[in-house]
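What follows is a single structure, written as C-alpha cells, with notes after it.
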Amino acid sequence: QAEGKVLLFCTEHPFGHLIDTLRSEQYEERRYFNLLKLSDVRYEKLPFCMRVLLESAIRKCDGFYIKTDDVSSILDWQMQQNQAEVAFSPARVLLQDFTGIPAMVDLAAMRDALAKQGVDPNLVNPRCPTDLIVDHSLQIDYSKCAIQSPPTPTDESHGAAVRSPAGRPSPRGSSSSGHCAGQRPGHQGSCSKASCSDAPSGRSAAVQIENTPLLCPFHLQPVSEPETMIRNQEMELIRNKERLQFFKWCSKTFKNINVVPPDINAVHQVNLEYLCQVVQEGEGFIYPDSVVGTDSHTTMINGLGILGWGVGGIESEAVMLGQPVSLTLPQVVGCKLVGTINPLATSIDIVLGITKHLRQAGIGRKFVEFFGPGVQQLSAPDRTTIANMCPEYNATVSFFPVDDVTLQHFKNTICSEEKLVVLEDYLKAIKLFRSYGDQSDEPQYSEVIEMNLSSIVPHVSGPKRPQDRVAVTCMKEDFINCLNEKVGFKGFHISKEKQATQVPFLHEGAEYNLAHGSVVIAAVISCTNNCNPSVMLAAGLLAKKAVEAGLTVKPYIRTNLVPGSGTVTHYLNTSGVLPYLRKLRFEVVGYGCATCVGNTAPLPESVVDAIKQGDLVACGVLSGNRHLEGRLCDCVRANYLASPPLVVAYAIAGTVSINLETEPLGVNSEGKDVYLRDIWPSKEEVNHTEENIVIASMFKELRSRMEKGSTFWNRLESAESALFPWDPKSTYIRCPSFFSKLSKEVCTPQSIEGAYPLLFLGDKVTTDHISPAGSIARVSAAAKYLQSKRLTPREFNSYGARRGNDAVMTRGTFASIKLQNRLIGKTGPKTLHIPSGQMLDVFEAAERYQRDGVPLIILAGKEYGSGSSRDWAAKGPYLMGVRAVIAESFEKIHRNHLVGMGIAPLQFLPGQNADSLELCGKERFTINLPQELTGTLTTSTGKSFSVTALFENDMDVAFFRHGGILKYVARSLLL
C-alpha cells in the first residue's frame with residue numbers, strides 16, 4: 001500500500017516526469033527528483049543554495065501552498081531576485097524549549113478543540129518533522145566555588161519545600177554523609193553539605209566544570225564533584241517540573257516530533273552533531289536536508305551544506321503544521337576565497353578576518369555563498385563558525401556547498417559508510433556537490449566579493465587595551481614605539497638610554513637576565529576558544545614540536561594552562577599533546593577565571609626585584625579576553641592577548657621584543673637556531689587532528705548520551721493520554737483560548753464596526769514593546785495575576801519562562817515600561833479607556849472593551865513590529881481583541897505573524913499617516929472589508945480614507961478568512 005501511495009503521488013505530481021532512481025550495488029535503490037531532467041541551462045547557473053530552494057519547490061509543488069509559478073520564479077532567479085515572492089518547505093523544524101513550549105501548547109489545545117467536535121485528537125501532529133531541544137532551563141545554583149547557595153526549591157502547587165529524591169547512592173569518592181574536609185567556624189567536626197548550603201538564598205554562582213572540585217562555602221575545601229552536577233540537575237527538574245512533564249507527554253503523544261531532554265547539549269550543538277543529515281529520506285524520496293529554527297545559532301548549519309535560518313515562533317509553528325515559509329527571492333553574494341592562509345593565522349584569525357571583510361562589503365539581508373580555491377583550506381568547524389557569524393555581517397545565511405572536506409567531516413562523525421556513499425552519489429547526480437577543480441560550471445551570483453586569505457594577518461592585542469591590535473610581524477617595532485611614547489593608552493615613556501637596560505638575577509641557583517619586553521607571565525586560557533578546538537590543539541601541537549626540537553621555557557616565567565572546561569582537557573589528552581604542554585611548564589591549574597582577573601600566582605621575588613631595580617616594562621601574554629594594565633600583576637605593565645599557540649611561542653622566546661619571522665625562538669641542544677616556522681603546526685596537521693581524533697571522540701560521546709538519555713528524564717512521569725491533563729493550578733502551562741469559538745464553517749470576513757484604538761503609537765514600535773521577554777514587574781497586570789495564584793515576587797520568573805501560559809502572556813502584552821502611547825502622552829504600559837476617560841493598564845482596558853463587545857484596533861507609525869521575531873507579539877494582541885493594526889509600514893516577519901493570527905495588517909496609503917489625516921486616536925473606526933480585502937475606513941467624525949490590506953498571497957487570505965493559521969489547520973481536520 002505504501003508503494004501504491006508513492007506511485008499515485010508520482011502520477012499526479014506536476015513534476016512527476018522528473019522522478020528518477022539512484023542505483024548502486026552498495027545500497028538499495030532510492031527515488032529522487034532529478035533536476036537535470038529539466039534540461040534547462042539556467043539550473044546549472046543557479047547558486048547552490050538556490051538549487052536547494054528549487055528542489056524543495058519542485059518536490060512539494062501542490063498547486064496551493066507551492067505553485068508551478070514558484071518553481072518558474074526560482075529557476076528564473078537571475079531576473080526575479082528581490083522581486084518574486086516564493087514559498088519554501090524546509091525538511092525539518094528546530095525548536096528550543098522557550099520557543100517550543102507555546103507551539104506545543106497550541107497543538108495540545110488544538111487536540112482538545114477537535115475532541116470536543118467529535119474528531120479523533122490523534123490526528124493532530126506536526127506535519128513537518130520537528131526536533132525540540134530542552135536546553136534553556138538550567139540555572140546554576142551550585143558550583144565549584146559556591147560561596148552562596150541557592151534558595152530552597154518549592155513546588156508551586158503545594159507551596160512546600162521539595163527535597164532531593166531519597167535513596168540516591170552517594171557519588172563515588174564522597175562519604176556517605178557527604179561531608180567536606182573542613183570545619184565550619186564555631187562548629188566541631190566536619191560540616192555536612194546541607195550545612196554548607198544555609199547561606200543567604202537568592203544567589204547563584206558559576207557552573208560546575210568536570211574534573212574540578214566543589215568547594216564547601218565555609219571551608220573552601222573540596223566536596224565531591226559529581227554531587228554538584230546532580231544537585232544542579234535536581235534543581236532544574238524541580239523548578240521546571242511542569243514544563244518538563246509537558247514535554248515528556250509531547251514526546252510520547254505526538255508523532256513526528258523528537259524531544260531531546262535536558263542535560264544533553266545546547267540546541268545548536270545537537271543540530272550540528274546529531275540531527276543534521278545533509279540528505280533526508282521520507283515519503284519515498286531522498287532530498288536535501290534543510291531547516292528553519294527558533295534558535296539564533298540555526299545559521300551554523302549552512303557551514304555543512306544544509307540550508308537553514310532562524311524564524312519566529314508563529315512561522316515555525318506554521319511550518320510544523322505543514323505550511324511553507326514565504327520569502328522574497330534573495331540576492332546571493334558570491335564570496336570568492338583565493339590565496340593561501342598565512343601559516344601563523346589561526347582559525348579565529350580567519351573567521352574574524354572574513355567577518356570583517358563581509359561587514360565592510362555591506363551585504364545586509366542577502367544570502368552569501370562561498371566558492372573559490374581558498375574554501376578547501378577551511379575545516380568544517382571553521383565553516384560553521386563563519387556561518388554562525390551571519391548576524392555580525394547582517395547576512396541571512398552564509399552557505400558552504402558540500403565538498404570533499406564536508407564528506408570527510410561526516411565520515412568522522414554521523415555517517416555510516418552506506419549513508420556516505422548515498423549522500424555523495426545523490427548530490428553529484430543533481431549537481432549539489434561542489435568540485436573546486438572544475439570551474440566550468442561556476443554559478444552566476446548577484447555580485448562577487450573576492451577575498452585573499454593571505455591578507456589575513458595574525459594579531460595580538462595590547463599592551464594595555466584589547467582594542468589595540470598589533471600585527472605579529474610588527475610586534476617588535478610596535479613594542480619599541482610603546483617604550484618611546486608618552487605614558488598613555490600605549491606608551492611607557494622609557495628614555496632611549498634606558499631601553500637597553502638588562503638586570504641579572506638568580507632563580508633556583510641559575511643566573512638569568514631580564515630586559516624591557518621580557519615575558520614573565522604566560523597563560524594559555526581557552527575560555528574564549530571552546531567553540532573551536534583548533535586553536536588549543538595548535539598550541540599543543542606546537543608544544544610537541546618545540547619539545548622534540550629541544551626548546552624549553554625559562555623556569556622563572558609564571559606559566560599555566562587554564563582550560564575553559566574539562567572537555568578541553570579531554571581533547572588535549574586524547575590528541576596526545578597534553579604531556580608536551582606539561583614539559584614546557586604549562587600545567588592544568590584548574591577551571592575558571594584566573595589569570596584574566598588577576599588571580600595568577602605571585603611572581604618569584606627575584607623576578608619582582610629585578611623588574612623594580614631596572615624599572616623594566618615586563619610583559620604578560622595570555623589567550624583570554626581581558627588584560628588591562630596591572631591586572632595580571634601590579635609589576636607587569638605590558639600585557640598582550642594572543643592566540644594559544646602564540647602564547648606558547650612567546651613563552652619559549654622569553655620576550656615580546658622579537659620578530660617571529662626573522663629571529664629564532666631559541667637554540668636546540670646542538671646549538672642550532674630554531675625558528676617559529678620550524679615548529680608551527682600546519683593547518684592541515686591541526687585539521688587532521690581535530691577531525692580524526694577530537695571531533696570523532698566528541699561525536700561518539702554525544703551519540704552515547706543521546707541513546708542513553710537523561711536519568712532524570714527517563715524517571716520523569718507524565719500522562720498516558722491523547723489529551724493533555726491541564727492542571728488548573730498551574731501558572732506555567734495553560735490551555736489557550738485560540739479555539740474557543742471554533743466552528744466547521746468559515747465565516748466571510750465581516751466589516752469591523754465601531755472599533756476603538758487600544759493604543760496610538762509612533763514609529764519603530766518593536767516586539768519588545770509589544771511583548772516583553774524579561775522579568776515581570778511587581779506592579780504589572782501579570783504580577784497581579786500571579787499574586788492571585790499565591791506566588792511571591794521571587795517566584796514570578798520571567799515572561800520568557802511563562803510562554804506556555806496565555807493568561808500571563810496576554811497580561812504582559814504592551815507591558816513595556818518604554819511604551820510611548822500618544823493617548824496618554826507619557827511613557828509606560830498604560831492607555832486611555834476612551835468611553836470612560838480612565839487611564840488603565842493596557843490589559844485592563846482591553847478586558848473592559850471585550851466585556852462590552854467593542855472591537856479594537858491599533859494605530860502606529862513606521863516599522864511597526866521591528867526587532868526580534870516574537871510569536872506572542874501577535875498572539876497577545878489577538879487575545880486582547882485587536883482586529884486590525886493600521887500603520888505606515890510593518891516589519892515583514894511581524895506582518896506575517898499578524899496574518900497568521902487573523903489580525904489584519906492595514907497600511908496607510910503613500911504620503912498619508914495618522915497626523916496627515918488629523919486623527920487624534922479617540923475616534924471610533926469602521927473598517928469595510930470587501931471580498932478583495934482592501935480596506936476603506938470611516939471614523940466617528942465622518943472622515944473616510946482608504947488603506948492597503950497587506951495580504952500578499954492566497955495563503956494569507958485563507959489564513960485571515962479562517963481567523964488565523966491555527967483555526968485554518970484545525971478546520972482542515974474537521975472537514
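- Glu485 and Lys490 get closest at one heavy-atom pair: OE1-CB, 4.0 Å.
- Closest approach of Pro645 to Thr346, counting heavy atoms only: CG-CG2, 4.0 Å.
- Under the 4.5 Å side-chain criterion, counting only non-hydrogen atoms from C-beta, Leu541 is in contact with Val686.
- Around atom CD of Glu605, no more than 12 heavy atoms belonging to other residues, nucleotides or ligands sit under 6.0 Å away.
- Lys554 NZ to Thr655 OG1: the interatomic distance, rounded to the nearest 0.5 Å, is 9.0 Å.
- Taking CG of Leu561 as the reference point, atom CZ of Phe586 lies at 8.0 Å (rounded to 0.5 Å).
- Closest of all the heavy-atom pairs between Val487 and Lys464 is CG1-NZ, 4.4 Å.
- Side chains of Asn388 and Thr385: no donor on one and acceptor on the other come within 3.5 Å.
- For the pair Tyr571/Glu690, no side-chain contact is recorded, criterion being any heavy-atom separation below 4.5 Å from C-beta on.
- Looking only at distances, no side-chain donor or acceptor of His357 sits under 3.5 Å from a matching main-chain atom of Asn452.
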**Report entry** Intermediate values then yes/no, side chain to side chain contact (heavy atoms under 4.5 Å, CB included), Val667 and Val674
**Finding:** CA-CA 6 Å; Val667 295; Val674 179; over 6 Å; no
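- The pair Arg677-Glu661 fails the salt-bridge criterion, with no side-chain N (NZ, NE, NH1 or NH2) lying under 4.0 Å from an Asp/Glu carboxylate O.
- A 4.5 Å side-chain heavy-atom check between Cys619 and Phe479 finds at least one atom pair inside the cut-off.
- Here Lys545 pairs with Glu685 in a salt bridge; the nearest charged N to carboxylate O distance falls below 4.0 Å.
- Ring pair Tyr512/Tyr556: centre-to-centre distance below 6.0 Å.
- With His516 contributing its side chain and Val617 its backbone, the two residues share a donor-acceptor pair below 3.5 Å.
- Using a 3.5 Å distance cut-off with no hydrogens or angles, the side chains of Gln377 and Asn687 do not pair a donor with an acceptor.
- Salt bridge Asp678/Lys672: absent, no basic N to carboxylate O contact under 4.0 Å.
- More than 12 heavy atoms of other residues, nucleotides or ligands sit less than 6.0 Å from atom NE2 of His507.
- Side-chain N or O atoms of Trp680 include one that pairs as donor or acceptor with a backbone N or O of Pro343 at under 3.5 Å.
- In the model, Tyr393 has a side-chain atom that pairs as donor or acceptor with a side-chain atom of Ser398 under 3.5 Å.
- Residues Leu378 and Phe370 are not in side-chain contact: their nearest non-hydrogen atoms beyond the backbone lie 4.5 Å or more apart.
- Within a 6.0 Å sphere centred on CD1 of Ile817, other residues, nucleotides and ligands contribute 12 heavy atoms or fewer.
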Requested in this report: List the steps, then state whether side chain to side chain contact (heavy atoms under 4.5 Å, CB included) holds for Leu537 with Ser575.
Outcome: CA-CA 8 Å; Leu537 287 174; Ser575 58; 3.5 Å; yes
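- Between Asn342 atom CG and Ser454 atom OG the span is 8.5 Å, to the nearest 0.5 Å.
- Minimum interatomic distance between Met389 and Val351 (heavy atoms only, all atoms of both residues): CG-CG1, 4.0 Å.
- When ring centroids are compared, Tyr445 and Phe371 come within the 6.0 Å threshold.
- Nearest heavy-atom pair across Val368 and Cys335 is CG1-CB, 4.0 Å.
- No side-chain heavy atom of Ile658 sits under 4.5 Å from any side-chain heavy atom of Met475.
- With hydrogens and angles ignored, the 3.5 Å screen pairs a side-chain donor or acceptor of His459 with a backbone N or O of Val457.
- Here Asp478 does not pair with Arg469 in a salt bridge; the nearest charged N to carboxylate O distance is not below 4.0 Å.
- Using a 4.5 Å heavy-atom cutoff, the side chains of Val503 and Asn513 are not in contact.
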**Report entry** Pair Asn484-Ile494, side chain to side chain contact (heavy atoms under 4.5 Å, CB included): steps then yes or no
**Finding:** CA-CA 6 Å; Asn484 291 325; Ile494 304 296; over 6 Å; no
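- The distance from the NZ atom of Lys683 to the CD1 atom of Ile341 is 5.0 Å, given to the nearest 0.5 Å.
- In this structure, Phe492 CZ and Asp615 CG are separated by 11.0 Å, a value rounded to the nearest 0.5 Å.
- For Thr559 (side chain) and Arg585 (main-chain N/O), a donor-acceptor pair under 3.5 Å exists by modelled atom type.
- Side chain of Thr299 to backbone of Ala387: a donor-acceptor contact under 3.5 angstrom is found.
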Requested in this report: Kindly determine whether Val588 and Leu578 satisfy side chain to side chain contact (heavy atoms under 4.5 Å, CB included), including the steps that lead there.
Outcome: CA-CA 9 Å; Val588 175; Leu578 195 58; 4.2 Å; yes
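- When all heavy atoms of Met536 and Leu572 are compared, the closest pair comes out as O-CD2, 3.7 Å.
- Remark: the Asp609 side chain and the Ser606 side chain contain no N/O donor-acceptor pair separated by less than 3.5 Å.
- We find the CD1-CG distance between Ile386 and Leu358 to be 8.5 Å, quoted to the nearest 0.5 Å.
- Between Phe367 and Val333, the closest side-chain pair of non-hydrogen atoms is not below 4.5 Å.
- In this structure, Glu477 and Asn659 have side chains that are not in contact, with every pair of non-hydrogen atoms separated by 4.5 Å or more.
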